[in-house]
2 protein chains.
Amino acid sequence: MTRAVTLTEVAREAGVSPSTVSRILNGTARVRDNKATQVRQAIEKLGYTPNTFARSLATGASGSVGVLTPDIASPFYNDALSGIEQGLMGSGYSPIIISGHWRTAEEEHAVELLLNRRVEGMIILGGQLPDHDLHALSARLPVGVLGRNIDLSRHGGVSLNMDNRQSARDLTNYLIGRGHRVIGHISGPSDHADARERLTGYREALEERGLKYDPTLVVQGDFQEPSGLIGMQRLLQQHSDLTAVFSANDQMAYGARLALYRLGLRVPDDMSLVGFDDLPGSTYATPPLSSVRQPMAEMGRWMAQFILARLRGETIEPFEPRQELMMRESVASRRGL
Amino acid sequence: MTRAVTLTEVAREAGVSPSTVSRILNGTARVRDNKATQVRQAIEKLGYTPNTFARSLATGASGSVGVLTPDIASPFYNDALSGIEQGLMGSGYSPIIISGHWRTAEEEHAVELLLNRRVEGMIILGGQLPDHDLHALSARLPVGVLGRNIDLSRHGGVSLNMDNRQSARDLTNYLIGRGHRVIGHISGPSDHADARERLTGYREALEERGLKYDPTLVVQGDFQEPSGLIGMQRLLQQHSDLTAVFSANDQMAYGARLALYRLGLRVPDDMSLVGFDDLPGSTYATPPLSSVRQPMAEMGRWMAQFILARLRGETIEPFEPRQELMMRESVASRRGL
DNA sequence: CTGTTAGCGCCTTCAT
DNA sequence: ATGAAGGCGCTAACAG
């Protein structure tokens, strides 16, 4: 692996000065055509690749925005990543993606790495970073947070989050409207804000409709499939009159679905089921799972544009994430209604 | 956003020379304790963040390895990404991930970007890059290719791919062994090497067992769910005696599963179904889908280690990807056997 | 152990 | 329109 070709070498090869090559590369100034041609040929011949580091050092601009995701393999956040990529495309900026693996220490380390790389803006997806860190970050550069409520407006940052409570309420109301009266809930971890809000929404919907909130109808999971499976089993043991279950996310709903399958219970005939998040897999679940869709890709795209705007000193129209109830085939009207 | 603090400023604040600060930062040499303390305090006070660009420029090492993935949101390749992250962890190297969106031009552009960023090695996941490009790349830096067969050994590169043909044969044999005689195949796009190999494996298994290969039992899909759904419908129309279907990937199997559900056909009672890839979702499908698992994460991890080894001028034990037949509940023994 | 001196590769005035 | 010169922030000899 030989040392990379430098701009100076290209200049020498083309018989011009380094500045000229630089100008041609960046279109900074008009250069006589024949020189430009010579230079291009030299570049081609030598296989020259500009060195980002040197350039960034000289210009003081890195042309990159940092993206912190909790998990590079999370189907949920990856839609947002796609959106961010899209939003950045053609802007001259490129994303630098790092995952924090849901560990605060790793996330802090990742942020540091991003800072070292002199990202000009940062997009944080969910994660565990203390609000304090986020505020501090936001004071240094444009920051956008996705999937989390935090007021960053003091330094011009934003956060985008769906209304978990409202969506959970809608979902629960949907079940109630279909005639269900004994509705279980498989919740997420209680130390998780989203999980708590979804539980609250569930409870509120029940109470608004005059149904008593029964804590034994709530079992706690951890947002992973196995906990959904176990949760469903537990609900079934305790409530033989159960007709519907609202799972706090799709993954747990898949687990719950499997529990039912194992017991020979049919969905939706014997049990209605709804999830939350509308993962890609839910459209092709058996049966297709009703859920509430978060427009992650759109949110990601908007976030990218937000950062770009701030970088240019412009502003951008605020984004109203519109959650969408995806009513599919996993819910039946209750018999005998 | 004020200009970032520099090492020189830290040095001034701490009353030492820049080199001393540098040495402390990198542990390059022993420094008297009290100075070290002063420097750390100065760093803390000023909120200093080392500039990766300047460092890389000076050392000539970027400390990063490029990763090209066809799609940042692909559940299949993302496992490999996780593996790569893991394999790199603690090595001082970090991955720079870019997606090529299955478009050759974009992929080439991405490679260029990576080269500009002076990645020291590169891992390519699948994709469309012509072999030619890969060879050229491999001559410049350590390259590993995942999910694709190409001989890069001349310049010390590697490619890791599972044996698609063998796995497809195993899968088909598995169905035959369970008594199935009329087995359909939903194939992938014919311009896709993996898809062709899987089809070949299917065909070979059939012929080895003395079953005639019937082209009308093969319908072509595009590796996406909808094409699986349509494929299954077509197979069903033409072959009323069909008892099993081998889908060239899990995603199409999900689609096929849905087609069956819609027709009221049960899996596995009325139809056995196997997929390929063993996506995370397959464990919790209804019923859990039999498939063949590619150890993507392990492959990714090994790839990372391979690159690291080459960077250090060491060698590493070759990796034998062991595909694993995941026999779950989507296959039944044929009645009346 | 620590300071001084050169660059690393590129961009950007400032002259010409 | 183009070249020369200085500097971006950091590291790595080289002297002490």
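Lettering of chains follows the sequences in order, A, B, ..., and the numbering in each one begins at 1.
- Residue Thr20(B) is in sugar-phosphate contact alone, with no base atom involved, counting any heavy-atom pair closer than 4.0 Å across all strands shown.
- Summarising the geometry, the separation between CZ on Arg118(B) and C1' on dC10(C) is reported as 11 Å, rounded to the nearest angstrom.
- Phosphate contact (OP1/OP2 of dG9(C), side-chain N/O of Thr6(A), threshold under 4.0 Å): absent.
- Judged purely by atom type and a 3.5 angstrom limit, Asn78(B) uses its side chain to pair as donor or acceptor with the backbone of Ile72(B).
- The shortest distance between the side-chain N/O atoms of Lys35(A) and the OP1/OP2 oxygens of dT2(D) is below 4.0 Å.
- For Arg154(A), there are no side chain to side chain contact (heavy atoms under 4.5 Å, CB included) partners two or more places apart in sequence or in a different chain.
- Within 4.0 Å of Pro50(A), counting heavy atoms only, lie sugar-phosphate atoms of the nucleic acid but no base atom.
- Mapping Gly15(B) and Pro18(A) onto DNA chain C via the closest heavy atom, the residue that lands nearer the 5' end is Gly15(B).
- Taking atom CD on Glu9(B) and atom P on dG9(D), their separation rounds to 8 Å, with Å as the unit.
- Screening residues 40-69 of chain A for ring pair (Phe, Tyr, Trp, His ring centres under 6.0 Å), with sequence neighbours left out, gives Phe53(A)-Phe53(B).
- Between Ser22(B) and dC10(D) there is no side-chain polar atom (N or O) within less than 4.0 angstrom of OP1 or OP2.
- Every residue two or more places apart in sequence or in another chain that forms a side chain to side chain contact (heavy atoms under 4.5 Å, CB included) with Ser64(B) is listed here: Arg117(A), Ser62(B), Ile96(B), Val119(B).
- Considering only residues two or more places apart in sequence or on other chains, Arg103(B) meets the salt bridge (charged side-chain N to carboxylate O under 4.0 Å, His left out) condition with Glu106(B).
- Direction of the helix axis in the helix from dC1(C)-dG16(D) to dT16(C)-dA1(D) shifts by 40° between the two five-pair termini, rounded to 10°.
- Side-chain atoms of Glu9(B) come within 3.5 Å of backbone N or O of Thr6(B) as a donor-acceptor pair.
- Looking at residues two or more places apart in sequence or on another chain, you find no ring pair (Phe, Tyr, Trp, His ring centres under 6.0 Å) involving Tyr77(B).
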Close N or O pairs between protein and nucleotides 13-16 of chain D (under 3.5 Å):
none

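- Residues from residues 37-44 of chain A with heavy atoms under 4.0 angstrom of DNA chain D: there are none.
- The nearest whole Å value for the distance from the CZ atom in Arg12(B) to the P atom in dT4(C) is 13 Å.
- Partners of Ala58(B) by side chain to side chain contact (heavy atoms under 4.5 Å, CB included), not counting sequence neighbours: none found.
- The backbone N or O of Pro130(B) sits nowhere less than 3.5 Å from a side-chain atom of His135(B) that would complete a donor-acceptor pair.
- Near-neighbour residues of DNA chain C inside residues 51-62 of chain B, defined by a heavy atom below 4.0 Å, number-ordered: Leu57(B), Ala58(B).
- Side-chain contact annotation: Ser17(A) with Thr20(A), donor-acceptor N/O pair under 3.5 Å present.
- Looking at residues two or more places apart in sequence or on another chain, you find a side chain to side chain contact (heavy atoms under 4.5 Å, CB included) between Asn161(B) and Asn149(B), Asn164(B), Asp194(B).
- Between the CD1 atom of Ile24(A) and the C1' atom of dT12(C) there is a distance of 16 Å, given to the nearest Å.
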Using atom types as modelled, flag every donor-acceptor pair under 3.5 Å from a side chain in residues 297-305 of chain B to any protein atom, sequence neighbours excluded.
unit_1	atom_1	unit_2	atom_2	d
Glu298(B)	OE2	Arg293(B)	NH2	3.3
Arg301(B)	NE	Gln86(B)	OE1	2.9
Trp302(B)	NE1	Glu317(B)	O	2.9

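- For Arg148(A), the CZ atom is densely surrounded, since the number of other residues' heavy atoms within 6.0 Å is greater than 12.
- Between the P atom of dG9(C) and the CG atom of Leu25(A) lies a distance of 15 Å, rounded to the nearest Å.
- Rounded to whole angstrom, the span from the CG atom of Asn34(A) across to the C1' atom of dA1(D) amounts to 11 Å.
- Between the CD atom in Glu108(A) and the CG atom in Leu129(A) there is a gap of 6.0 Å [rounded to 0.5 Å].
- In this structure, Leu7(A) atom CG and dG7(C) atom C1' are separated by 16 Å, rounded to whole Å.
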